[in-house]
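Inspection log for the structure reproduced underneath, given as structure tokens.
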Number of protein chains: 4
Amino acid sequence: MQFTNDKAIYLQIVELVEEKILQQEWSLEDRIPSVRELGAAIEVNPNTVMRAYEKLQQEGIIYNKRGIGFFVATQARDSILKTKRRNFLTHEAPLFFKTAKLLSVELETLISLYKQIENHEKN
Amino acid sequence: MQFTNDKAIYLQIVELVEEKILQQEWSLEDRIPSVRELGAAIEVNPNTVMRAYEKLQQEGIIYNKRGIGFFVATQARDSILKTKRRNFLTHEAPLFFKTAKLLSVELETLISLYKQIENHEKN
Amino acid sequence: MQFTNDKAIYLQIVELVEEKILQQEWSLEDRIPSVRELGAAIEVNPNTVMRAYEKLQQEGIIYNKRGIGFFVATQARDSILKTKRRNFLTHEAPLFFKTAKLLSVELETLISLYKQIENHEKN
Amino acid sequence: MQFTNDKAIYLQIVELVEEKILQQEWSLEDRIPSVRELGAAIEVNPNTVMRAYEKLQQEGIIYNKRGIGFFVATQARDSILKTKRRNFLTHEAPLFFKTAKLLSVELETLISLYKQIENHEKN
DNA sequence: GTGGTCTAGACCACC
DNA sequence: GTGGTCTAGACCACA
């Protein structure tokens, strides 16, 4: 697998797993690959995969059965969206609005753009 | 220089030049490196640099004096911002609002966030 | 066997024996290992085991038939629970309530927690 | 330093740091030892110390200044007590009440004991 | 110097 | 087999 240099590998694994779950390649309550399996598959040290799984577990996206493996939590989808939502509000959105300021784009312009998109999707 | 794989190299050179101008490393009316010079510096084929310069010229950011070289246009800064502004409105903003929709972030939430940032910068 | 450093070994042997009896590994009226046997088994000086047996005898948990050995008393289980009960009330509980105070946990919170557990075990 | 075997070393380091802060050996806003320093002092791999610091940071007890080190957060004391409180309510208290049940200690007995201690501390 | 990340390899308890 | 912890040693960006 290919990793970007500007982001920690374990964070990219977190995103990979979230994507698999959102795309329903890995269904709710399914067992996901063991840290060793996934590590071998994407050519990364199992410890690094473990770190990603720890973060995912802590966010309530996967859970662990001792001696068995990690499983996709029932509320995984909600947890992922919740996490992404928080990131969106604290990072993406502020950056977006700062760029808007920098480019002298008025709030009104953005709002009308928003409404255009809203209407576009209704059709 | 390092290039990303997910974008044409000549477009990355365009951005590089724009950045140099915005950061005022290359001042208005200054001569910029020749396609051969820049090509050697960033280890890229002069033809690729030429393609970038053509696009920049077409956007009114640089202009050419035959037999002498390329120069930063007087209105370069405005042109760049104008280009960025268009890109912002046609690509970034729609993507941003689609993400907002996907994450169930309301317009009101975005507006209040915008105003927070506005006030924050005043202090 | 592994012993903790923060408690006298003979007291840890007392607990070991009590545990064996509570778990019914050693049944009521059964003969338990001689001080030499147990001493060898857990790699401890027979004198230390003797000290533990004396304490257990004094608490009415085991009794001695001269020349034969030690036996689990009929009322052993009751005696052990009585001992544990006293320890619980004089040491564990006060410590527990002091910790509760320290952490600003109200009596009401504890009571409702108690009732939760009570109901939980009925199901 | 001495570590118990029945608990992960990094968790024991977490408790060590919390203790230092509660005892005010390390004051609020003070810089605490670097992962390398503490690692050397207690003869533990810096990575293990790092893991402890990560957990402490995540719980809002310490924070990090890039390239400088870790510092005791202003709300450290509150965060520690909050963490301990949660642990008390979800682990210690249930265990305590189960033991009470096992030893046939009535709720009324516990309550009167609680009130005794309450009065005792007032004098 | 600092934290942060990653690897390789080891050992453990649990199932 | 599984996760979980720990070590030793390496490299990086940041200050």
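Bear in mind the structure is a predicted one, so any value in this text is a computation, not a measurement. Note on naming: letters A, B, ... go to the chains in the order of the sequence lines (proteins, then strands), and numbering restarts at 1 for each one.
As judged by a 4.0 angstrom heavy-atom cut-off over every strand, A/Tyr53 is placed among residues making no nucleic acid contact. If you check every strand for non-hydrogen atoms under 4.0 Å, D/Asn45 touches a base. Residue A/Glu37 is in sugar-phosphate contact alone, with no base atom involved, counting any heavy-atom pair closer than 4.0 Å across all strands shown.
For the residue pair A/Leu56 and A/Glu18, the shortest heavy atom distance occurs at CD2-CG, 4.0 Å. What you find for C/Ile117 and D/Pro94 is that their closest heavy atoms are CD1-CA, 3.5 Å. Minimum interatomic distance between A/Ile62 and A/Tyr53 (heavy atoms only, all atoms of both residues): CD1-O, 3.6 Å.
When distances run from any side-chain atom of A/Val44 to the nucleotides E/dG3, F/dG4, E/dT7, the shortest one goes to E/dT7. Residue D/Ser34 has its side chain nearest to E/dG3 when only E/dG3, F/dT5, E/dT5 are considered. The side chain of D/Thr48 has F/dC6 as its nearest neighbour among F/dC6, E/dT2, E/dT5.
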Identify the pairs formed between an N or O of the protein and an N or O of nucleotides 10-12 of chain E at a distance under 3.5 Å, and give each distance.
none

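One can place OH of D/Tyr10 at 13 Å from P of F/dT7, the figure rounded to the nearest angstrom. Regarding D/Asn5, its CG atom lies at a distance of 12 Å from the C1' atom of E/dA13, rounded to whole Å.
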Which atom pairs, one a donor and one an acceptor, fall under 3.5 Å between side chains of residues 64-81 of chain D and the rest of the protein, sequence neighbours left out?
| unit_1 | atom_1 | unit_2 | atom_2 | d |
| --- | --- | --- | --- | --- |
| D/Asn64 | ND2 | D/Gly69 | O | 3.4 |
| D/Thr74 | OG1 | D/Glu29 | OE2 | 2.4 |
| D/Gln75 | NE2 | D/Gly60 | O | 3.1 |
| D/Ser79 | OG | D/Gly60 | O | 3.4 |
| D/Ser79 | OG | D/Gln75 | O | 3.1 |

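Using bins of under 30°, 30° to 60° and over 60° for the plane-to-plane angle, the ring pair D/Phe97/C/Phe96 lands in the perpendicular bin.
Remark on DNA chain F: of its neighbouring residues D/Pro46 and D/Arg66, the 5'-side contact belongs to D/Pro46, judged by nearest-heavy-atom nucleotide.
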Checklist entry - Just the dot-bracket of DNA chain E, please: which string comes out with Watson-Crick or G-U pairs under 3.5 Å, [ ] for crossing, | for another strand? => result ||||||||||||||.
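Atom CG of residue A/Leu11 and atom CZ of residue A/Arg51 lie 8.0 Å apart, to the nearest 0.5 angstrom.
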